[in-house]
Amino acid sequence: MARPDPRWWDTAVVYQVYPRSFADSDGDGVGDLAGVTSRLDHLAGLGIDAIWLSPFYPSPLADGGYDIVDHRAVDPRLGTLDDVDDLIAAAHRRGIRLIVDIVPNHTSDQHPWFREALASPAGSSARDRYIFRDGRGEEPPSDWRSHFGGSAWERVGDGQWYCHLFAREQPDLDWSNPEVREHFHGVIRFWADRGVDGFRVDAAHTLAKDLTEPLRSQPRLSRALPLDGTDPLYDRDEVHSIFEGWRAVFDEYDPPRMAVAETWSPRNERSYLYARPTELGQVFDFSLLKARWGLEEFRRVIEDSLSGHRAAGLLPTWVLSNHDVPRHASRLALDPDADPDAWLLSGGTAPRIDPERGARRARAATLLMLALPGSAYLYQGEELGLPKVADLPTAVLQDPVWFRSGGTVKGRDGCRVPLPWTRTGPSLGFGTGGSWLPQPPGFGRLSVAAQEGVSGSSLTLYREALRLRRRFDAADPRIEWHDGEPGMLRLVRADGLCCVVNFASEPRPLPPGELLLASAPVEAGHLPSESAAWLLRQRSTA
Ligand code: GLC
């Protein structure tokens, strides 16, 4: 069983499983829950503390499972409720906690509530669970945009329109409706009763909307807005009352459940509000994920984040990759002068990608992230150093971004290709059959089997880093920055862990200290370019 620890998430390393792409137990080409259970020893061996399981609920897959038909059931292609129970029990036996995704902003358009809304007249209580409005003549009710491209409004047969901030198959719920609030309290209880330890809250900043007439204009998306709590769509102050309600439900349990908020806000100090003890407990910090490779930028985002979290009485929750962005082994290969933000958001093809460089930088960035105080979320396959698969044939693409951009932006499928477990075999050990997205040539060389026990492999580096991390105290936020060799970032934690990253183009001498781990071979006391190392500061017992 996992150690009792009332704030375990503060320092946890959480591994995100995107179930359709992790492991396929029945050979249908789609990963499933029994597949996850069958591979738990890999995760236990990696040394993680918890799993975040992306949606496994019944879904027509208009948005990779984030379009949900029934929040309290399992998609038959992925298993059964018994499989969930087995997975929870098997994870807990290994001391691994389990977090499940909760997607409150919208349902699938196939959800019984939405079907009922479509079959009901304008103004009916069935429509009031969603956001139905009359248009402005032939125009949609407002200029709101979908995150996946195009208008956020779709017209239905009787002429009304409904709001969808994501795909049109994902109608937004109206969170001012008490029935919606009650429904999700029930969903939380349903999974908490089964023993899940926490929840990852999808698009947490979008639930509260200003729906007073006339609807206010907001033609921009949340990421770049100067949000202050009054935007009509994003990060509104009243969203917090929703999560205070959730906290009351979390606290019905012993131990109380936690949640981690996904918010895309440029204003860190506002995102911390979601993590208050009276709300969810944790919020992703995407600043490292959004940072371009470079000493100044990395140092600045880390300093800002640490000081912001400290002021808020929190520890940061670091992320380098997830199922929505190009994997960091590809993303970090970008030249700093390219436009990483456009690439990050669009998932398009990055210019000037050098895979060796990407792999090198990714390993260094990972060592840096895992040396920082707080918690870290890993995305399945990053421990193998997987790149984004950039050249998927367009015929296999499934991301709504691809369709809503009229085939101009490939979207996020490139980071969702099923994992390679073995060097060879029909789907490289993913399952006994095929794989719902094709694995590229050479993927087997990055497989678990190819890296297992290999000194210097990415998998070995992650294992070593997670093992060593336990010797230190990630709950202690105190760090010092030490200047030294040009191009070398060097931070030292109060517990004696020192992390150096060489951003220079030549090897640089390591500072004094006992070398614990390096992302590339250290020769004659020199750390190669674009590499990182952990050292034990000599005065570590002081
Ligand atoms: C979140 C998810 C993403 C999904 C979107 C809509 O950002 O991480 O995958 O497409 O919400 O649910």
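As the structure is a computational prediction, the values presented were derived from the model and not from experiment. Side chains are part of it too, since the values below use all heavy atoms of this structure and drop only hydrogens, waters and symmetry mates.
- Counting only distance, with no hydrogens or angles, the side chain of Tyr18 and the backbone of Gly64 share a donor-acceptor pair below 3.5 Å.
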Requested in this report: Just do the side-chain hydrogen bond (donor to acceptor under 3.5 Å, both in side chains) check on Thr206 and Asn105 with the steps written out, would you?
Outcome: CA-CA 7 Å; Thr206 60; Asn105 179 68; 3.1 Å; yes
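- Aromatic ring pairs are classed by plane angle as parallel below 30°, tilted from 30° to 60° and perpendicular above 60°; the pair His147 and Tyr234 is perpendicular.
- For Glu382 and Ser321, the side-chain atoms include no donor-acceptor pair closer than 3.5 Å.
- No side-chain heavy atom of Asn322 sits under 4.5 Å from any side-chain heavy atom of Glu262.
- The main-chain N or O of Lys388 is found under 3.5 Å from a side-chain atom of Ser330 such that the two form a donor-acceptor pair.
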Query - CA sep, side-chain torsions, deciding dist, call: Val14, Leu378, side-chain contact (heavy atoms from CB on, under 4.5 Å) - result: CA-CA 6 Å; Val14 185; Leu378 310 178; over 6 Å; no
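- Residue Leu332 comes nearest to Trp293 through the heavy atom pair O-CB, 3.9 Å, listed as atom of the first residue, atom of the second, then distance.
- Asp75 is linked by a salt bridge (Lys or Arg N to Asp or Glu O under 4.0 Å) to Arg77, counting only residues two or more places apart in sequence or in another chain.
- Residue pairs meeting the side chain to side chain donor-acceptor pair (under 3.5 Å) criterion with at least one partner in residues 498-507, sequence neighbours excluded, are Glu506-Arg508.
- Remark: His71 pairs with His183 by the side chain to side chain donor-acceptor pair (under 3.5 Å) rule, at least two apart or across chains.
- Contact annotation: the side chain of Arg470 approaches that of Asp49 to within less than 4.5 Å [non-hydrogen atoms, C-beta and beyond].
- Of all non-hydrogen atoms in Trp421 and Gly429, the two that sit nearest each other are CD1-O, 3.6 Å.
- Under the 3.5 Å distance criterion, the side-chain polar atoms of Arg357 are left unmatched by any main-chain donor or acceptor of Glu530.
- Put simply, the side chain of Ser531 gets close to the backbone of Ser529: a donor and an acceptor are under 3.5 Å apart.
- Using modelled atom types, no side-chain atom of Arg327 and backbone atom of Val325 make a donor-acceptor pair closer than 3.5 Å.
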**Report entry** CA sep, side-chain torsions, deciding dist, call: Asp41, Arg94, salt bridge (Lys or Arg N to Asp or Glu O under 4.0 Å)
**Finding:** CA-CA 8 Å; Asp41 285 338; Arg94 290 167 174 83; 2.7 Å; yes
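- Classification of Arg299 and Glu303 as a salt-bridged pair holds, one side-chain N sitting under 4.0 Å from a carboxylate O.
- Between Phe472 and Leu468 the shortest heavy-atom distance is CD1-O, 3.3 Å.
- Side-chain contact of His328 with Thr366: a donor-acceptor pair under 3.5 Å is present, judged by distance alone.
- Looking at heavy atoms from C-beta onward, Ile96 lies in side-chain contact with Ile48 at the 4.5 angstrom threshold.
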Query raised in the report: Are Arg7 and Leu315 close enough, and set up right, to give a side-chain contact (heavy atoms from CB on, under 4.5 Å), and what steps lead you there?
Result: CA-CA 11 Å; Arg7 290 195 59 89; Leu315 284 158; over 6 Å; no
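- Contacts of Asp399 classified as salt bridge (Lys or Arg N to Asp or Glu O under 4.0 Å), with partners at least two apart in sequence or in another chain: Arg412.
- Counting only heavy atoms from C-beta outward, the side chains of Leu419 and Phe22 approach each other to under 4.5 Å.
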Query raised in the report: After noting the C-alpha distance and the side-chain angles of Tyr66 and Phe166, does the key distance pass the ring pair (Phe, Tyr, Trp, His ring centres under 6.0 Å) rule?
Result: CA-CA 10 Å; Tyr66 283 87; Phe166 295 91; 9.2 Å; no
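- Contact of the Leu372 side chain with the Pro316 side chain is not registered, since no non-hydrogen atoms from C-beta on lie closer than 4.5 Å.
- Atom CE of Met369 and atom OH of Tyr377 lie 12.0 Å apart (nearest 0.5 Å).
- For the atom pair CG of Leu370 and OH of Tyr462, the computed distance is 7.0 Å after rounding to the nearest 0.5 Å.
- Sorted by first and then second residue, the side chain to side chain donor-acceptor pair (under 3.5 Å) pairs with a member in residues 436-449 read Ser21-Trp436; sequence neighbours excluded.
- Of all heavy-atom pairs between Gly434 and Asp24, the closest is O-OD2, 4.5 Å.
- The ring pair (Phe, Tyr, Trp, His ring centres under 6.0 Å) check on Tyr57 picks up Trp191, with sequence neighbours excluded.
- Checked by atom type and distance alone, the side chain of Thr37 pairs as donor or acceptor with a backbone atom of Leu33 at under 3.5 Å.
- Judged purely by atom type and a 3.5 angstrom limit, Asp32 has no side-chain atom pairing as donor or acceptor with the backbone of Gly79.
- With hydrogens and angles ignored, the 3.5 Å screen pairs a side-chain donor or acceptor of Asp197 with a backbone N or O of Leu98.
- Nearest heavy-atom pair across Gly29 and Phe430 is O-CE2, 3.5 Å.
- The pair Glu297-Lys290 fails the salt-bridge criterion, with no side-chain N (NZ, NE, NH1 or NH2) lying under 4.0 Å from an Asp/Glu carboxylate O.
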**Report entry** Chi angles and distances behind the side-chain hydrogen bond (donor to acceptor under 3.5 Å, both in side chains) call for Asp235, Tyr274
**Finding:** CA-CA 10 Å; Asp235 192 36; Tyr274 295 78; 2.6 Å; yes
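- By the 30° and 60° cut-offs, the orientation of the rings of His323 relative to Tyr379 is tilted.
- Heavy atoms of other residues, nucleotides or ligands lying less than 6.0 angstrom from CZ of Arg423 number 12 at most.
- Summarising the geometry, atom CG belonging to Leu78 is positioned 9.0 Å from atom CG belonging to Asp26; distances are rounded to the nearest 0.5 Å.
- Using cut-offs of 30° and 60° on the angle between ring planes, the pair His42 and Tyr15 is perpendicular.
- For the pair Ser59 (side chain) and Ile68 (backbone), a donor-acceptor distance under 3.5 Å is absent.
- Side-chain contact, Thr460 with Gln451: no donor N or O sits under 3.5 Å from an acceptor N or O.
- Interatomic distance, SG of Cys498 versus CG of Leu516, reported as 9.0 Å (0.5 Å rounding).
- Residues Leu367 and Trp534 have side chains in contact (heavy-atom distance under 4.5 Å, counting atoms from C-beta outward).
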Query raised in the report: side-chain contact (heavy atoms from CB on, under 4.5 Å) between Val74 and Asp83: does it pass, once the steps are laid out?
Result: CA-CA 9 Å; Val74 177; Asp83 291 332; over 6 Å; no
Report task. Start with the C-alpha gap between Leu510 and Val500, add the side-chain angles, then the distance that decides, and say whether side-chain contact (heavy atoms from CB on, under 4.5 Å) holds. Result -> CA-CA 8 Å; Leu510 282 171; Val500 285; 3.7 Å; yes
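- Inter-residue side-chain proximity for Asp285 and Leu288 is flagged as unmet; no heavy-atom pair is nearer than 4.5 Å.
- Considering only heavy atoms from C-beta on, Phe148 stays 4.5 Å or farther from Ser405 through its side chain.
- A side-chain donor-acceptor contact under 3.5 Å links Gln282 to the backbone of Trp9.
- In this structure, CD on Gln398 lies 7.0 Å from CG on Leu61, to the nearest 0.5 angstrom.
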